[in-house]
A.B. asks: 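Below is a structure I'd like to ask you about.
Computed from a predicted model, the values in this text were never measured in an experiment. Note on naming: letters A, B, ... go to the chains in the order of the sequence lines (proteins, then strands), and numbering restarts at 1 for each one.
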Protein chains: 2
Amino acid sequence: MSEKSNARDNIISTAARLFFSQGYHATGLSQIVKESQAPKGSLYHYFPNGKEELASICIQQTNELILQKFEDTFAAHKSAADGIHQFVQDMAHETEAAGFTGFLPFSFWAAVETSCISQNLRKMCQGVFADWQRVIARQLIHEGMETAKAEDTGLLIISLLEGALIISLTNQDKQPLLTASNYMAAVTKHAKEIQSHP
Amino acid sequence: MSEKSNARDNIISTAARLFFSQGYHATGLSQIVKESQAPKGSLYHYFPNGKEELASICIQQTNELILQKFEDTFAAHKSAADGIHQFVQDMAHETEAAGFTGFLPFSFWAAVETSCISQNLRKMCQGVFADWQRVIARQLIHEGMETAKAEDTGLLIISLLEGALIISLTNQDKQPLLTASNYMAAVTKHAKEIQSHP
DNA sequence: TAATGTATATAGACCGATTGGTATAATTTT
DNA sequence: AAAATTATACCAATCGGTCTATATACATTA
């Protein structure tokens, strides 16, 4: 009972959805207020430091969401390769189901835009990417992969994933994500063959 | 001789630099006017349809720049694998040299943001990605790769490239691009082994 | 060659709308 | 009563875009 501060949560979820689908600058506070059906007074009350603070919280919260999904997916599959494959497959279908316009937690292309705003936000986005890379690498290491190679592979996977997502969103076509997902399995399974030297 | 319409060119190059480094919405017309040292009257005169028309021209022009660089790089290397590798290596070094803030022609992360503005701009960005994919695929086919596989590989390469660029820009570290570049060579060289089935 | 006509190009004030943000007052909840 | 929350009016600044007046360039004439 007693839904405490429903307005605050509504603002955060709405803001996150808008930030990660439209971008930071394209999303006005007025739009957040309107779509979240929260009063503007509350926005100032809950986030006294304004838009940047709100964005910061959105990044944190979205990151936790993604990390949880990574761990859930890994827990539900025998191999890391299968897990990653399923993760991207899910993303492809969710993207399509949302009409290529809706909220995609993994959609961190706005990290570049956000990084221009302040060093603080930039560091946060950097931390998000590092978290994802670490979660993947840990799983690979657990399966016997050499540490350095696992870290490289983790970085490659999130690079490919983000890139494919950008193209899928732009093209409004899930194929780039599907192609990436099929390839992902190969990356992790045959890492030894495809990993190259500096 | 007689430098015709220097103002127009200045506006385009400045706008392209700002759009692709900051994003569309983060870049105001006033900033473009100020940094290009062109008069605001000229902006209206040369681009009567406003900001969107200007962005459209920037996308076209930047695309031609990249396509030319792709062809030059391929012409200068024996194998597609070597060419791609060099292409990404160059990009990594240019990114660092520019302090991770400057203009990067390949930086098309803003395609997602741009796609929200109008269907026309979205289609243009889609065409840009398709062009890049085609140029790479053509080279691979020329080297004997099966058509369908070459197209998939081209898509994977530009996905990985864009993703790695995003992370490099966010982290202000060229390593993600370098890691991708080393891996690229493996992708094209060992395509048969790593390409997986749907 | 000189004068004129006609694009083209530039200057810069100006527009309503919206931006992020602030203030204070009224309301609700505890 | 006290504290937390919401309502609303308001702010300067900037947004993209428009306007007219002027200046420059270039071609056509005389």
A.B. asks: Tell me the interatomic distance from A/I32, atom CD1, to C/dG21, atom P, rounded to whole angstroms.
C.D. replies: 10 Å

A.B. asks: Please report the distance, rounded to the nearest Å, between CG in B/N49 and P in D/dG16.
C.D. replies: 16 Å

A.B. asks: If I take atom CG in residue B/L43 and atom P in nucleotide D/dC19, what distance separates them, rounded to the nearest angstrom?
C.D. replies: 16 Å

A.B. asks: Going by distance alone, is a donor N or O of one side chain under 3.5 Å from an acceptor N or O of the other, for B/T179 and B/Q175?
C.D. replies: yes

A.B. asks: Base, backbone or nothing for each nucleotide of nucleotides 7-15 of chain D, written B, S, -, heavy atoms under 4.0 angstrom, 5' to 3'?
C.D. replies: BB------S

A.B. asks: I'd like to check the ring-ring contact (aromatic ring centres under 6.0 Å, His included) partners of A/F129; sequence neighbours left out, ordered by chain and number.
C.D. replies: A/W132

A.B. asks: For D/dT14, give its Watson-Crick or G-U wobble partner with both distances under 3.5 Å, or none.
C.D. replies: C/dA17

A.B. asks: Please identify which of these residues, B/D82, B/I157, B/I136, B/T73, meets the side-chain contact (heavy atoms from CB on, under 4.5 Å) condition with B/F87.
C.D. replies: B/T73

A.B. asks: Does the side chain of A/Q22 pick up a donor-acceptor pair with the side chain of A/T27 at under 3.5 Å?
C.D. replies: yes

A.B. asks: Please report the shortest heavy-atom distance between A/L177 and A/S168, naming the atom on each side.
C.D. replies: N-OG, 3.2 Å

A.B. asks: Given atom CG of B/N10 and atom P of C/dT10, what is their separation to the nearest angstrom?
C.D. replies: 10 Å

A.B. asks: NE2 of B/H45 versus C1' of C/dA7: gap in Å, rounded?
C.D. replies: 9 Å

A.B. asks: Which one is paired to C/dT30, where only Watson-Crick or G-U wobble pairs with both distances under 3.5 angstrom count?
C.D. replies: D/dA1

A.B. asks: Are a donor atom and an acceptor atom from the side chains of A/E35 and A/T14 found within less than 3.5 Å of each other?
C.D. replies: no

A.B. asks: Since syn is defined as within 90° of 0, does D/dA9 count as syn or as anti?
C.D. replies: anti

A.B. asks: Please name all residues satisfying ring-ring contact (aromatic ring centres under 6.0 Å, His included) with A/F74, sequence neighbours left out, ordered by chain then number.
C.D. replies: none

A.B. asks: Separation of A/R8 atom CZ from D/dT6 atom P, in whole Å?
C.D. replies: 12 Å

A.B. asks: Quick one: side-chain hydrogen bond (donor to acceptor under 3.5 Å, both in side chains) pairs with a partner in residues 119-131 of chain B, sequence neighbours left out?
C.D. replies: B/N63-B/D131, B/Q119-B/R122, B/R122-B/Q126, B/D131-B/R134

A.B. asks: Check side chain to side chain donor-acceptor pair (under 3.5 Å) between B/E64 and all other residues, then give those that pass, not counting sequence neighbours.
C.D. replies: none

A.B. asks: Given atom NZ of A/K34 and atom C1' of C/dG20, what is their separation to the nearest angstrom?
C.D. replies: 16 Å

A.B. asks: Which residues within residues 114-121 of chain B lie with some heavy atom under 4.0 Å of an atom in DNA chain C?
C.D. replies: none

